[in-house]
Every structure is written in C-alpha cells, then in structure tokens.
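In this text the structure is predicted, and so the values were computed from the model without any measurement. Every chain is numbered from 1 and lettered A, B, ... according to where its sequence line falls, protein lines coming before strand lines.
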2 protein chains.
Amino acid sequence: MADLRGGDLSRLRQLNSLTAIRELRGSGPLTLSALAERTGLSRPSMKEVTDELMALGWVEEVPPSQGTMGRPARRYRFRADSGHLVGVDIGGHNIRAALSDLDGRILAETRQPVLPGAPLAERLAAIERAVSGCLALSRTSVEQVWLISVGTVGTIDVEGRVIYSAAVPAWRDLDLAGALREVFPCQVLIENDSRLAAMAETRRGVAKGARDVVFLHVGRRMGAGLIIGGKVHRGFGAAAGEISMLPEARWFDAPEHLNTCACVPEGTPPEDAAGYTLAAARDGDPVAIEAVERYVDDLAVGAAAMVLIMDPQMVVLGGGFSRSADVLLDRLRERLERRCMRLPEVRASTLGDECVVVGAIDYAVEHLDEQLFTPDRGPLPVTR
Amino acid sequence: MADLRGGDLSRLRQLNSLTAIRELRGSGPLTLSALAERTGLSRPSMKEVTDELMALGWVEEVPPSQGTMGRPARRYRFRADSGHLVGVDIGGHNIRAALSDLDGRILAETRQPVLPGAPLAERLAAIERAVSGCLALSRTSVEQVWLISVGTVGTIDVEGRVIYSAAVPAWRDLDLAGALREVFPCQVLIENDSRLAAMAETRRGVAKGARDVVFLHVGRRMGAGLIIGGKVHRGFGAAAGEISMLPEARWFDAPEHLNTCACVPEGTPPEDAAGYTLAAARDGDPVAIEAVERYVDDLAVGAAAMVLIMDPQMVVLGGGFSRSADVLLDRLRERLERRCMRLPEVRASTLGDECVVVGAIDYAVEHLDEQLFTPDRGPLPVTR
DNA sequence: CTGACTTACGAAGGAGCGCTTCATTAGTAG
DNA sequence: CTACTAATGAAGCGCTCCTTCGTAAGTCAG
C-alpha cells in the first residue's frame, strides 16, 4: 500500500516531476515526447515540468540525436553529476573506497592497506585517506558528496553505533557514524558488509532483478546477507543473518576443514591455507577433496536453514572462497537439493573484491531514491 | 519508494478520495472538519470528495453528535457493510468459516467437523456448508461477498494450486482456488495456515503493530509463518517457513517427546497424549517435565535458526500446544537467550483456535486495501 | 536547389480541482 | 431572548493539465 496522499495542486506537479526524474534516471536521455508518453502527461505539460527541473538543476539538455525524420527533438537527461556518493568497505586488511555519481556509476576507486590490529585512530585516518584519494582522482570536492555509505563487519544499530564486531575488536561500542560525520560534512550510512554485498549482487551482479536473495559470505569468516522484496533486510535489532552463531547450523567452525587440511604444506601462512586446499581439490588431490566435502557438508546445513526459512529465488556465493566456486557450487547444490523443498538457483558472485564497496554505493543510491521519491520530504537540494 | 505516479487532475481527486476512505476506515465516524484536517484538504474540497464518495456508496452519513457547541457537524463513516469478506480454515478435523465486513469485523462464525480421511468431494462440500452457514447466520447473500480467503496446511503456489500437503494427501495437485471459484462467484485467495495465523497475531493479537514477527505453530505438527515488514512472507516458491524439513533443526520429530512420554496412561488416544504430558508437567510430574525439557530443547533449535536469520521483533507461540504456553514460554526464552545475539520478545498467541480464520479475514482485508489503494486499479466496484 | 513530407515546437483557449473568503444557519449558554 | 460558537454553502481566484492549432526545423526525392 503505497504512501499515497493527495493534497494540493502543487503536489500533483511534484509527483509528476518525480516520475519524470525517475524515468530519466532509468533510461538515458529522452525526448519530450518519449517522456510524455512514459509519464502519461501531455507534451505541453511535460515541457513545463522539464523547464522547472532544468531551472532546479536536476535535468539538463543534451544535443539532439541526428539523422531522424522530421524536426530533431530536444533531449533531456538526469544530471547524475550534480552530486556524488561515496562507498566505503572497512575490511580487516584493506579499506576500499569508491566515488560514484547519483546514478551509482563508479568514477574512482582506491584501496588503503591497514594492519588488522591497527588502533582506532589509525583506521579512521586510513578511511579518510581512502575517501580523499577517490575525490582527488576525479577532481571532486568533498562538498559535492551528498552521502557516505559504509560497510563493515559486525552488527551496527540504527544510529550507526557498532554493537559487536568479532573481526575488529576496537570497533565495539564505537559511534562510527558520528566519528565519520565529524570528518565528512554529509549524511553517513552504516551497514553490515554481507548485506551490502547482497545488495550489490541484486543490483548489478549475478542476482540482478531478483527480489528475494540469500547471500552467503564464504571466507575465513562466515556471514550472510538477506535481500527481501528487493530491499536489504536488517532485522529489528540489525542482527539478521547471524546464523553462524548457532552451533547446530555448523557454520562457525566450517572453514577449519579447509584451514587444517593435511594437504597444506608446512609453513604456509594461515591466511593462505584454505585457498591452497581449494586449489588442491580443483587439481584432484583426494585429501583436499575430502576436506572440501566436509566443509560443504557444514556450509550446507546453515544454507539449507536459510533457504527453508526464506525460500529465496537465488542463493549467491560470495566472499574470498567464492573464487573457487567451481569446486563448491555443485557440491552445495547437491546437498541443498537433498534438504530443501525447492532448490533455488545457486550461483557464484561476479563482483569479486569490490562487492562491498559497490554495494555501499548501491545502498546509498537506494537511500537517495527513497528520500527523493518519498512525498513530504520534497525534491532535495537545489542547484548545488 | 512509494508507487507514486502523477498524472491527470482527476488522479489527484482519486488520491484524495482514497486518503479520505483510509482515514474514515481507521477512525470511526468523522466530521468534515476533522477529515479535512487529517487529509490536509480544505473543507470545501473535502465536501466535494465526500459527496462523491457518498454517491458511489463508499461512505454514508450518520446522525450528528449532540451536545456540542455551535452548529452540529455532519458526520460521515465508511460503509464497511457495503461488501463482505469470508475467511476459511481448512484443518484436518474441522473446517471453520467466518464472515466479516470490509473492516474485518467478524459477523458470524461456523465450524464443520470433517474426518481426516474424507475424500475430496466431501471436504469441498463441507467447506461450502461452512460458508453458507455463515451467510445464513447473518442473512447475507453470496453476491455480497467480495473475497474468499482460505488457509490450509501445505504449500500453495501463486495460482492457488496445492503443491504439497502432508496432512491432507488428497489435496496434492488440486487446483483449490479453481475449485472454490466454481462454487463461489468471487475472488479466491489461498494461503498457508501458519502464515495466516501469523498475520492475525500481528493485526489483532499479541504482536499487534510489530513489523517483523516469527510465528511458531506448535502442535501435533510443526509449522512457522513469517511476517516481514508487516506483510506475509511467502517466499519465491511459496515455501517459506518450512524449517521442519531440516533434520538438523530437530523440529520434525520434536512432538514425539510429548507423545511418547512414559507419564501418559495407556489407552490415551494418541491425539491427546501431548496435551496430557503438558498438563502433567504443569502439575510438577518430573517425568513429564523431563519430556517437556527435551521437547523445548528441540523446538529451540529451529526457533533459534529463525530468530538468528530474521532477527524479528517478536516470536509468537501458537497452535494446539500454545494452550500450555505457561509450561513452554520461559523454557523457550531461556534457550533462545543462550543461542541468539538479541532475544526477541517471546509471547503466546491470544487468538486460540480462531487464529487461522481470523488471519484469513485479515489477509483478505489487506488484499482489499492493496487493490483499493493501488493507483491504476481505481476505486473498486460502485454502489453495490 | 527546391518542394513535399515528417516531426517537434510554442502559443492560445478551455476544463477540473483545490483554495480563500464571507454571509448564513443551527445549535448551546446565560 | 440574546450572545456566542462552529459548521454550512456559494462565489471568485489561481494553478495544473488538456486539446488544438499554426509554425519551425530537419530529411528525402527529383
């Protein structure tokens, strides 16, 4: 039930302006006639609307397309460059940042390595360096950034305070949103990284267009993100997807099967062990295959729980181990098939390491849209 | 992002009419001034809207309230009696039906006993008897019924075809919606009964107002229904909530702890065994308590999985065993607290056996609202 | 290069909806 | 009976969108 409310005449104009913007955002430059047809308005009215939007800086004219019959029509397009969005991925070893326009098109990316045990101040400084780097790369000033969207491990409450973070202990109880707001003069959004990755996959990855998606983060730690009805599902206490806490789901220690496999040569750094096992399994090493089988056995229990409870359209395998999806996918499918009523599609992430940053951007775009298209908050800033 | 679309001037009127209807439905009879204030319109405009709605039969005038200062204001109210809704609960042993007005206020209820093994035709006949009974009780003709909403065990696909039903094998592959549509000349909705019970609890039961709710059906069979964002969550293949299929969740055989308890006297009919055990546990029988502990141990695993994955605001315990909620609730809470990051509220259903019928009615109301308040489908039938 | 054709533009006039304003009406309080 | 209160109903205005028309700016055929 949409939040429709009638009202003044001016409200009707507002509604029409917003539909126009939405159409322009959705499909490149459009002529007046095309816009009129899509929005259902007459051409003269459409003209008035676009004139207003141009004056406000939301829309601009582009050169008419040539070679058509008849008088060339003016074309208009959404000014995606009238503002910018920043996405940040705060990982254990790396901090990634990306800058995008208002359509979520990525303009620049940077990465700042950081030691897992680095103190708080150092981490925050690295975040600032990563973001500034992006801005510098595309010659954008920080005032042009409308929204910063951050993904990190752990659970984050509604106000952007970190509740719990196993990977980055220093994060606990930190008012992350507040700390970032002091550095960057704009709105700050914080979300769990698995949820943002899930978002990215449904917006531009392998699950594009799906409404209900379960994203499995398989890597040195296990995590999950849910998309329900096309939107990120946070849960009442922002703790949705934490199935790895349940011993019976057998997720928490699952990676140990890969880490402690006998096939891993002595002296291998612990963070490379699992990767080695997966590679060995691909090459047919029976010991490694045995370890992978046991790993997927465990992975499938928690995954089946999520599938049975949610009945999603698709399960997406992401995170570090998803590089070895060829070794994992069929095995996971086979086990899910056995346990679930209806086997959803099971696919591997296509976005790789950028998954979370890109998801942060997509999350920001969604947030922006929501502000834009929610009546009573009115078309946002004007002619920046 | 609301489904806002601008358009014609008449569209604005439509929007205003709908908000007026919504306000009137929400809070009893209202005067013009009150309506105007709530919708944001001016009084003269409001008058025009209500005149139109009266002409269409959606709204009627009621006598003005007396004893107020100044000229008594006309009062208007939504004509909830201008149409009717029917809810049906197809259980193993009973078929319940209820008739309500368009606000979901229940006007009549009936129950038809039916044998678990009854053939298809007999069951359908019982449904028809139950519904006709309701109509007769409140002297309503079948033409006045806008919507029939049915709850049943098993999974039902989008078109109303039964995919799977453990309790009623004859149901399998039956086009239930189609069969009912042949008998009743109106729209037919089919849903899983646990989901409808969940709906009832969030609409008028113990979880009223909550947006994310997990409903646990505890009884001779186990089931679950999810409410996410205030709406029933079906899942992509209408199979959401089927966690009892997962052996590791330990739900499927959980009731056996109660059924086969040594405390149950020989000769007790099998359907009463669990109830006996629960009652004995309440009275302090240590053997029964032991069985209940084991039962809740199992129940808590699947429940914890749902809580960890969804992070709901509330868990509602419903179904036959919830009559013994006093024996179960604290034990369940204690186990969930141990397993989950954040313990949601855990409460017992307050609606009892009528849960599913009432939920069916609520589901019908929601469906109606959605049709009503979704633009482009326009205010439904006129002056019935 | 010219004329026919196609398509878009822009201005003018009209209808619908909501707003404000003001005199009128129907009650209660003293 | 009079003063006061609050709703009613009618009149006039402004905004938004619509339809209709003549005009402008291209392409295409000869």
Undergrad: How many whole angstroms separate atom NZ of A/K47 from atom P of D/dC18?
TA: 16 Å
Undergrad: Atom CE of B/M69 to atom C1' of D/dT5: distance rounded to whole Å?
TA: 6 Å
Undergrad: Any side-chain to backbone donor/acceptor pair from A/D101 onto A/D103? Under 3.5 Å, distance only.
TA: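 Judged by distance alone, yes, a pair lies under 3.5 Å.
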Undergrad: Starting the side chain at C-beta, find the nucleotide from C/dG18, C/dG27, D/dA7 nearest to B/P72.
TA: C/dG27
Undergrad: Out of C/dG16, C/dT7, C/dG18, which nucleotide sits closest to the side chain of A/R71?
TA: C/dT7
Undergrad: Could you check whether B/S33 gets within reach of a base, just the sugar-phosphate, or nothing at all, counting any heavy atom under 4.0 Å?
TA: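 Sugar-phosphate contact only - B/S33 comes under 4.0 Å of backbone atoms but never of a base.
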Undergrad: Rounded to the nearest angstrom, tell me the gap between atom CG in A/L41 and atom P in D/dC15.
TA: 18 Å
Undergrad: When you measure from the side-chain N and O atoms of A/N16 to the phosphate of D/dC17, is any distance below 4.0 Å, counting only OP1 and OP2?
TA: yes
Undergrad: Strictly below 4.0 Å: does B/R13 bring a side-chain N or O up to OP1 or OP2 of C/dG18?
TA: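 B/R13 to C/dG18 OP1/OP2: side-chain N or O found under 4.0 Å.
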Undergrad: Do you see a donor-acceptor pair shorter than 3.5 Å between the side chains of A/E366 and A/Q371?
TA: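 No.
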Undergrad: Could you check how far CZ of B/R11 sits from P of D/dC18, rounded to whole Å?
TA: 13 Å
Undergrad: If we ignore angles and hydrogens, is there a donor and acceptor under 3.5 Å between the side chains of B/T39 and B/R22?
TA: no
Undergrad: Are A/R77 and A/E60 close enough for a salt bridge, meaning some N to O gap below 4.0 Å?
TA: yes
Undergrad: Classify the nucleic acid contact of A/T68 as base, sugar-phosphate or nothing, counting any heavy atom under 4.0 Å across all strands shown.
TA: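 Sugar-phosphate, no base atom in range.
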Undergrad: Can you check the B/E48 CD to C/dA15 P distance for me, whole Å?
TA: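 The distance from CD of B/E48 to P of C/dA15 comes to 17 Å, rounded to the nearest Å.
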Undergrad: Regarding A/T202 and A/R211, do their side chains bring together a donor and an acceptor under 3.5 Å, going by distance alone?
TA: no
Undergrad: Could you give the CG-to-C1' distance, from B/L12 to C/dA15, as a whole number of Å?
TA: 15 Å
Undergrad: Please tell me which of the listed nucleotides, D/dT16, C/dC19, C/dC9, lies nearest to the side chain of A/A73?
TA: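 Among the listed nucleotides, the one closest to the side chain of A/A73 is C/dC9.
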Undergrad: Given D/dT16, C/dT21, D/dC17, which nucleotide is nearest the side-chain atoms of B/P44?
TA: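 So the nucleotide nearest the side chain must be C/dT21.
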Undergrad: Using a heavy-atom cut-off of under 4.0 Å over every strand shown, decide if A/R43 touches base, sugar-phosphate, or nothing.
TA: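 Contact class for A/R43: base.
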Undergrad: Rounded off to whole Å, could you give me the CE-to-P distance for the A/M46 and D/dT19 pair?
TA: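 Roughly 15 Å, once rounded to whole Å.
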Undergrad: Which nucleotide in the set D/dC17, D/dT19, C/dG18 lies at the smallest distance from any side-chain heavy atom of B/S42?
TA: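 Ranking D/dC17, D/dT19, C/dG18 by closest atom to the B/S42 side chain puts C/dG18 first.
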Undergrad: Separation of B/R74 atom CZ from C/dA26 atom C1', in whole Å?
TA: 12 Å
Undergrad: Name the residue closer to the 5' end of DNA chain D, choosing between A/S45 and A/G70 according to the nucleotide with the nearest heavy atom.
TA: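 First, find each residue's nearest nucleotide; the 5'-ward one identifies A/S45.
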